[in-house]
Protein chains: 2
Amino acid sequence: MPETRDPRRAEVTKARLLEAAVEAFAARGYHGTTTRDIASTAGMSPAAVYVHHSSKEELLYQISRSGHEDVLALLRAAVDSSEDPVEQLRVAVRNFAEHHVRAHTSARIVNYELAALSEPHLAEMLRIRHEIDVLFSDLVERGIASGAFVTPHPRMAVVALQSLGIDIARWYREPGWDASEIADGYVEIALRIVGASAA
Amino acid sequence: MPETRDPRRAEVTKARLLEAAVEAFAARGYHGTTTRDIASTAGMSPAAVYVHHSSKEELLYQISRSGHEDVLALLRAAVDSSEDPVEQLRVAVRNFAEHHVRAHTSARIVNYELAALSEPHLAEMLRIRHEIDVLFSDLVERGIASGAFVTPHPRMAVVALQSLGIDIARWYREPGWDASEIADGYVEIALRIVGASAA
DNA sequence: AGTCAATAAGCAAGCGCTTAGTTACCTGAT
DNA sequence: ATCAGGTAACTAAGCGCTTGCTTATTGACT
C-alpha cells in the first residue's frame, strides 16, 4: 500500500519552522526568542510549532546537533583528503572557515547558545566538541612530529585555530567578503600560526 | 552642610548588585537572567534592584560601557608605550588577551550581549568598537609601512587579532592557564599573523 | 469515514517593574 | 542622655503583561 496524501507536506512545514527558529535564535538569542516569534516568522499560528516539534528546547537541540555534526564531518573529510599534515590543515581550515561564513546564523547558535540546552543535550554537544578539539589537536601534533610545523605552544595554536573559525559566526554579516576569500586568508594565517615552513 | 550618614553604603550595595548582574548575565545571558536572579545573587529582595538601578537594561548598559571603555583605554596605552609598531603590537595583544582572561565574565557580556542593548546604547557601543577596530588597523598599517610586518591581507590580519582576544571570553573558564601565560602565547601568534620579521 | 495538519482560545507560571510601607539611623532641640 | 522629626535603604505584595505549552475544534484531503 503506497503512502496516503503528500508525505512531503508535513516535513516541509517542519523544516520551515526549524529554519524560522534558526533565524530567530541567531538574531535575538534562545531566551530572547518566543515561540510566537518562530511561528509568525514561518507564517503560522503559535500552536503550529507544537504540531511538528515537541518543545522550544527541542528546536534548539536539533539546530545545535546538526550544526555540530556538520563541523565534525567536514573536519574528518579534511583529514581523509591527504596523508600530508600541511595539506590536511589547509583543507581543514578552509572547510572550517567556509562553513562558519556560509552557515553563520546556525553557527552562532551552535557556539553561543550551549548554555540554553538541557543537561543531557549539552553533554552530547560537549562530546562532539571534544572530538573536534582532538581532531585539530592530533592534526597539529602530526605536523610537528613530521617537522612540517614549528610552534612553541601547540595547545595554544590549536585553540587559536578554532577561535578564528568560530569567531566568524560573531562578526560576519551578509554583504561583505566572499566565503572563499575569507577561507583563503584564514588558511594563510593558520599556516603562519603553526609555523609551516612554506606559506 | 556636611553629608549625612555613611555615604559609601549605598554605593557599595549598588556595586554589589552590578557585580551580581555581571555574574548572572555571563552565565545565563541577558534574556536568560531575571531581575529576581540578580537580587537573590546579591542577597536582596527583588525590589532592591530598582532602588539603585533604573532598569535591567541600564545594568547591561553600565557593564557594556565600562567594559568597552576599559578595552579602548588599554589599547591606547599600548600605542602610547612605544614608537615601534612591533613593540606596540606586542603590548596591545598582551593587554588585550590578558584583559579577556581576567575579565572574561564581563567580556562575555561586552561581546555577546550587544543585541540586547537599547538602540541608542547599542549605537554608543558600536562607536567605541569602531575606535578599537581603527586602532588595531592603524597599528598594523604602520607596521607594514615601516617594513616590520609583511602580510598579504592586512584587513584579515586585523580581524584575526581581534577574534583571538575576544574569543577568549567564550572558551576561558576559571581553573586553567594563567593569564600572562596565555598572553605570552598570543603575542607570539600575533607576530606570526602579521608576519613580523623576528619572533 | 477516517486521518491529520492547522488554528482559536486560553491556562498556569513567570516576567519587569511599581507601590505602599517598614526599619534603621542621623540630626538638632531639649 | 533623650527623643521627636526627617531621611533614605530596603522589603512585601502585587499589577499588568508575556511566556511556553495545551485543549478542543475546524477543515482539507483520501
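Proteins come first, then strands; the chains are lettered A, B, ... in the order of their sequence lines, and each starts at number 1.
A straight line from CG of A:L17 to C1' of D:dC21 spans 15 Å, rounded to a whole angstrom. With rounding to whole Å, A:K14 atom NZ is found 15 Å from C:dC4 atom P. At whole-Å resolution of the value, CD in A:E57 and P in D:dG20 are 13 Å apart. The CZ atom of A:R28 sits 11 Å away from the P atom of D:dT19 (whole-angstrom rounding). What separates CD of A:E58 from C1' of D:dG20 is a distance of 15 Å, to the nearest Å.
Applying the side-chain hydrogen bond (donor to acceptor under 3.5 Å, both in side chains) criterion to A:R142, with sequence neighbours excluded, gives A:Q88. Applying the side-chain hydrogen bond (donor to acceptor under 3.5 Å, both in side chains) criterion to A:E181, with sequence neighbours excluded, gives no partner residue.
Taken residue by residue, residues 112-125 of chain A places no heavy atom nearer than 4.0 Å to DNA chain C. Residues from residues 33-55 of chain B lying near DNA chain C, meaning a heavy-atom separation below 4.0 Å, are B:T33, B:T34, B:T35, B:R36, B:A47, B:Y50, B:S55 in numerical order.
When each of A:E98, A:H104, A:H99 is checked for a side-chain hydrogen bond (donor to acceptor under 3.5 Å, both in side chains) with A:R102, only A:E98 meets the rule.
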Tell me which donor-acceptor pairs under 3.5 Å the side chains of residues 12-30 of chain A have, and how far apart each pair is, sequence neighbours excluded?
residue	atom	partner	partner atom	Å
A:T13	OG1	A:R9	O	3.0
A:R16	NH1	A:A42	O	2.4
A:Y30	OH	A:E57	N	3.1

Let me check something: any side-chain donor-acceptor pairs from residues 72-80 of chain A under 3.5 Å, sequence neighbours excluded? List them with distances.
residue	atom	partner	partner atom	Å
A:R76	NH2	A:E131	OE1	2.7

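Between atom CZ of residue A:R108 and atom CD1 of residue A:I166 there is a gap of 14.0 Å, rounded to the nearest 0.5 Å.
When all heavy atoms of A:W177 and A:Y172 are compared, the pair lying nearest together is O-OH, 3.3 Å.
Between B:E87 and B:R90 there is a salt bridge, since at least one side-chain N of the basic residue sits less than 4.0 Å from a carboxylate O of the acidic one.
Along DNA chain D, the nucleotide closest to B:T13 and the one closest to A:H31 are compared, and the more 5′ of them pairs with B:T13.
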